[in-house]
Amino acid sequence: MLIDKKRDNSAIRGALLDFCENTKSKYESQSFDMDEIIVEKGNPVEHIIRLSNERTCDIIVIGSHGHGSFTGTFIGSTAQHVIRRSPKPVFVVPLPGRE
């Protein structure tokens with residue numbers, strides 16, 4: 001899922017679909033199921049928490065480029081806020097940095 005503040009979401013949706021297809025082909029021996037891609041405008045933390053509750057998710061998985069610090073580990077502010085506000089477990093996946 002991606003929450004976005006930009007107006008035209010078609011490029012983002014296309015990039016995510018390409019990423020998922022490339023990942024599927026790269027790791028054919030492993031199970032990889034994509035439920036759906038959701039692109040919404042607004043506060044990412046609010047949307048992530050709301051959707052995780054509406055869909056009765058067991059865990060939230062969120063990527064982070066690591067621009068802040070939290071318990072000695074560098075993670076982004078959105079991930080920090082989701083961790084703090086979610087009653088569900090949150091698994092943070094480090095994403096490649098912007099170097």
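Sequence positions, counted from 1, serve as the residue numbers for this chain.
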For a side chain to side chain contact (heavy atoms under 4.5 Å, CB included) with Pro89, tell me which candidate from Ile59, Ile83, Ile60 qualifies.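 One option only clears the test, and that one is Ile59.
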Checking Val45 against Arg85 for the side-chain contact (heavy atoms from CB on, under 4.5 Å) test, could you report, in this order, the C-alpha distance in whole Å, the side-chain angles of both residues, the deciding distance, and whether it holds? CA-CA 8 Å; Val45 176; Arg85 295 210 27 225; 3.7 Å; yes
With rounding to the nearest 0.5 Å, note down the distance linking CG in Leu51 to SG in Cys57.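 If we round to the nearest 0.5 Å, Leu51:CG and Cys57:SG are 8.0 Å apart.
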Please tell me if the side chains of Lys88 and Asn53 come closer than 4.5 Å, counting only heavy atoms from C-beta onward.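 In contact.
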Check: His47 and Lys41 side chains under 4.5 Å, non-hydrogen atoms: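 Sidechains of His47 and Lys41: no contact.
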Contacts of Arg50 that satisfy salt bridge (charged side-chain N to carboxylate O under 4.0 Å, His left out) - sequence neighbours left out: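 Per chain and number, Arg50 pairs via salt bridge (charged side-chain N to carboxylate O under 4.0 Å, His left out) with Glu40, Glu54.
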Has Ser52 got a side-chain atom pairing as donor or acceptor with Ile49's backbone, closer than 3.5 angstrom?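 Checking the backbone N and O of Ile49 against the side chain of Ser52, a donor-acceptor pair under 3.5 Å is found.
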I'd like to know whether CG of Asp18 has more than 12 heavy-atom contacts from other residues, nucleotides or ligands below 6.0 angstrom.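 Atom CG in Asp18 is crowded, with more than 12 foreign heavy atoms closer than 6.0 Å.
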